Amino acid sequence: MLDLKFIRENPEKVKEAVKNKNEKADIDEILRLDKERRSLLQQTEELKAERNKVSQEIGRLKKAGENADEIIARMKEVSDKVKELDEQVRNVTEELNNLLAWVPNIPHESVPVGKDENDNIEVRRWLPEGFEFEKKDFVKDHLELGKKLKILDFERGAKISGSGFAVYVGKGATLERALINFMLNYHIEKHGYTEIFPPFLVNRESMYATGQIPKLEEDMYHANKDDLFPIPTAEVPVTNLHRNEVLSEDDLPKKYVAYSACFRREAGSYGKESKGFLRVHQFNKVEMVKLVKPESSYDELEKITSDAEDILKALNIPYRVILLCTGDLSFSAAKCYDIETWSPAEEKWLEASSCSNFEDFQARRGNIKFRNKETKKLQFVHTLNGSGLATSRLMVSLLENNQTPDGKIIVPEPLRKYTGFDVIEP
RNA sequence: GGAGAGGUGGCAGAGUGGUUGAAUGCGGCGGUCUUGAAAACCGUUGAGGUGUUACAGCCUCCGGGGGUUCGAAUCCCUCCCUCUCCGCCA
């Protein structure tokens with residue numbers, strides 16, 4: 001959520017952000033409601049001030065045993081009027097908040113203005129030694145590999161749950177688990193994150209705070225009876241750990257890493273991009289979340305991105321880092337890097353990580369503050385998160401890049417102590 | 001699922017209709033003392049909104065929402081949450 005005061009004072013900036021992000025929040029209507037609300041507020045507050053004053057006077061009169069019937073009758077009228085105005089204020093405020101919930105965060109000045117993913121900018125790429133883009137004859141895609149090696153079973157996933165659900169079998173399951181453990185331990189030991197194992201179901205307030213609601217509500221699963229949402233990412237429960245809290249400045253930055261399954265309806269997305277692991281309704285992800293002081297959030301964004309990259313370097317997987325343009329930037333983010341890994345079979349880059357700075361957008365929605373030692377004032381923290389990383393797309397690159405001409409998969413060295421085997425063969 | 005207790009400021013904890021935005025303690029901040037620190041002592045210390053060049057002023061907030069009343073932390077309704085005991089259960 002943006003500060004209403006900021007919108008009031010910088011309507012053009014906000015409108016530009018809405019336009020550049022391909023959103024459609026009605027800023028003029030917000031300004032109109034804001035004006036109306038403040039005017040109503042002024043009227044009620046004046047009446048309330050009078051009521052408070054006279055009510056005290058009534059108290060004094062009664063204590064002195066004097067008659068106050070006449071004043072009480074007059075105050076009854078004032079009170080009724082206040083009630084009427086309060087009702088109006090309530091309605092206008094609700095309408096205002098509903099609109100405000102649809103105003104996206106403003107992109108950082110370093111974010112290129114653009115329409116869609118075609119305007120994103122590649123900032124760097126990293127390739128293993130001796131890597132070649134040219135497709136080799138023996139290369140199979142992850143579906144074929146998964147089937148031949150009996151480690152992935154999408155047919156049975158579809159049977160028991162529906163399309164877009166994977167079953168990991170045997171060494172495939174072990175490899176998945178190894179990846180998760182490897183990534184968690186790496187971030188804990190080498191990057192100093194604190195591990196969180198969060199609930200996978202969260203309430204509506206949590207979904208609102210991180211910005212999934214209202215805009216993306218249709219993409220979320222929902223347990224109707226209890227109004228709980230299966231999390232689309234561990235970002236939601238972990239960022240919400242400190243919702244409605246005042247943190248000490250000494251506690252910042254907070255650095256958390258969490259494994260979770262992630263659940264997404266992916267409503268309306270189908271076609272080419274959806275085969276096998278490229279788009280699934282449930283996948284595993286190790287997520288990093290940081291709560292930091294505002295002045296350091298952009299340095300922290302670079303760090304969180306490089307923390308994610310370290311995993312890929314350790315696993316020797318080719319990747320590139322993309323700076324998203326305004327049109328491709330998510331609703332809540334001010335700046336975001338995507339990390340894409342190479343799929344030799346698809347011959348394209350697959351998004352495996354997204355590292356974002358939300359500045360105080362989520363913190364304002366979730367009311368996450370800290371006490372600034374210097375100014376002694378309360379201030380919103382800045383929140384960031386980055387996938388470190390999502391296993392599904394990573395698994396595609398991992399299998400495809402480590403396959404041998406005779407159809408085996410060589411397990412990357414760092415994973416072996418977690419898998420207990422070096423190779424997967426038919 | 002059943003029975004009971006409770007949700008008050010950063011924390012603990014008083015307060016049951018009229019100068020209570022809220023006693024007291026802890027914590028925080030500032031100071032005195034000290035070579036320095038601790039202890040002790042003194043002072044100070046909630047948030048949001050509106051408004052102002054800046055102050056001031058005013059309004060709201062005692063889990064959320066609604067109601068009664070001239071006036072609500074205090075009374076009523078409703079929802080949520082936490083804890084204890086019992087039951088069921090991976």
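Source: prediction; values computed, not measured. Below, chains carry the letters A, B, ... as their sequence lines are ordered, and counting in each starts from 1.
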Exercise. Of Leu152(A), Ile151(A), Thr174(A), which meets side chain to side chain contact (heavy atoms under 4.5 Å, CB included) against Tyr168(A)?
Worked result: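 The passing option is Leu152(A).
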When you compare [N] with [M], how far apart are their [atom1] atoms, in angstrom units rounded to a whole number?
N	M	atom1	result
U74(B)	U19(B)	P	14 Å
U34(B)	C41(B)	C1'	14 Å
G9(B)	G2(B)	P	30 Å
G30(B)	A37(B)	P	12 Å
G28(B)	U20(B)	P	29 Å
C83(B)	C26(B)	P	29 Å
G25(B)	C42(B)	P	10 Å
U16(B)	C58(B)	C1'	29 Å

Whole angstrom value for the distance that separates [atom2] of [N] from [atom1] of [X]:
X	N	atom1	atom2	value
Leu378(A)	G9(B)	CG	P	14 Å
Asp86(A)	G65(B)	CG	P	13 Å
Glu87(A)	G67(B)	CD	P	7 Å
Asp3(A)	G48(B)	CG	C1'	12 Å
Asn97(A)	G48(B)	CG	C1'	13 Å
Leu47(A)	C70(B)	CG	P	16 Å
Glu94(A)	G66(B)	CD	P	10 Å
Gln379(A)	A47(B)	CD	C1'	15 Å

For [X] and [N], is the shortest distance between a side-chain N/O and OP1 or OP2 below 4.0 Å?
X	N	answer
Lys369(A)	G48(B)	yes
Lys76(A)	C70(B)	yes
Arg204(A)	C80(B)	no
Arg51(A)	C59(B)	no
Ser79(A)	G71(B)	yes
Arg90(A)	G66(B)	yes
Asn52(A)	U60(B)	yes
Lys83(A)	U68(B)	yes

Problem set entry | Nearest-nucleotide comparison on RNA chain B, the residue closer to the 5′ end among Leu4(A) and Arg60(A) |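 Its nearest nucleotide lies further toward 5', so the answer is Arg60(A).
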Exercise. Taking for each residue the nucleotide of RNA chain B with the nearest heavy atom, is it Glu50(A) or Ile58(A) whose nucleotide lies nearer the 5' end?
Worked result: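 So the residue in question is Glu50(A).
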Exercise. Salt-bridged, Arg32(A) to Asp26(A), with N to O below 4.0 Å?
Worked result: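 No, Arg32(A) and Asp26(A) are not salt-bridged.
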Exercise. Has Arg177(A) got its NZ or CZ under 6.0 Å from the middle of the six-membered ring of Tyr418(A), at an angle within 45 degrees of the ring axis?
Worked result: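 No, Arg177(A) does not sit over the ring of Tyr418(A).
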For this session: Would you mind classifying the nucleic acid contact of Arg364(A) as base, sugar-phosphate or nothing, using non-hydrogen atoms under 4.0 angstrom?
Result: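 Result for Arg364(A) = nothing.
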Any sub-3.5 Å donor-acceptor pair from [X]'s side-chain atoms to [Y]'s backbone N or O?
X	Y	result
His222(A)	Phe229(A)	no
Thr419(A)	Arg416(A)	yes
Lys21(A)	Ser330(A)	yes
Asn385(A)	Met288(A)	no

For this session: Kindly indicate whether the side chain of Glu45(A) and the base of G49(B) share any N or O donor-acceptor pair separated by less than 3.5 Å?
Result: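 By the distance-only test, yes, there is a pair.
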Exercise. Can you tell which of G49(B), G51(B), U60(B) lies closest to the side chain of Arg37(A)?
Worked result: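 Nearest listed nucleotide: G49(B).
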For this session: With the side chain of Ala49(A) defined as its heavy atoms from C-beta on, choose the nearest nucleotide among G48(B), C59(B), G51(B).
Result: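 For the Ala49(A) side chain, the nearest candidate turns out to be C59(B).
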Problem set entry | Secondary-structure stems for RNA chain B, with pairs counted as Watson-Crick or G-U when both distances are under 3.5 Å and runs at least 3 long |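 The stems that RNA chain B takes part in, listed by first number, are B:1-7 with B:80-86, B:10-12 with B:24-26, B:27-32 with B:40-45, B:46-50 with B:57-61, B:63-67 with B:75-79.
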For this session: Measure up the Tyr193(A) and His191(A) rings against each other and bin them: parallel (under 30°), tilted (30 to 60°), perpendicular (over 60°).
Result: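 Because their plane-to-plane angle is over 60°, the rings of Tyr193(A) and His191(A) count as perpendicular.
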Exercise. Under 6.0 Å between ring centres, would you say that holds for Phe283(A) and Phe277(A)?
Worked result: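 No, they do not, as the ring centres are separated by 6.0 Å or more.
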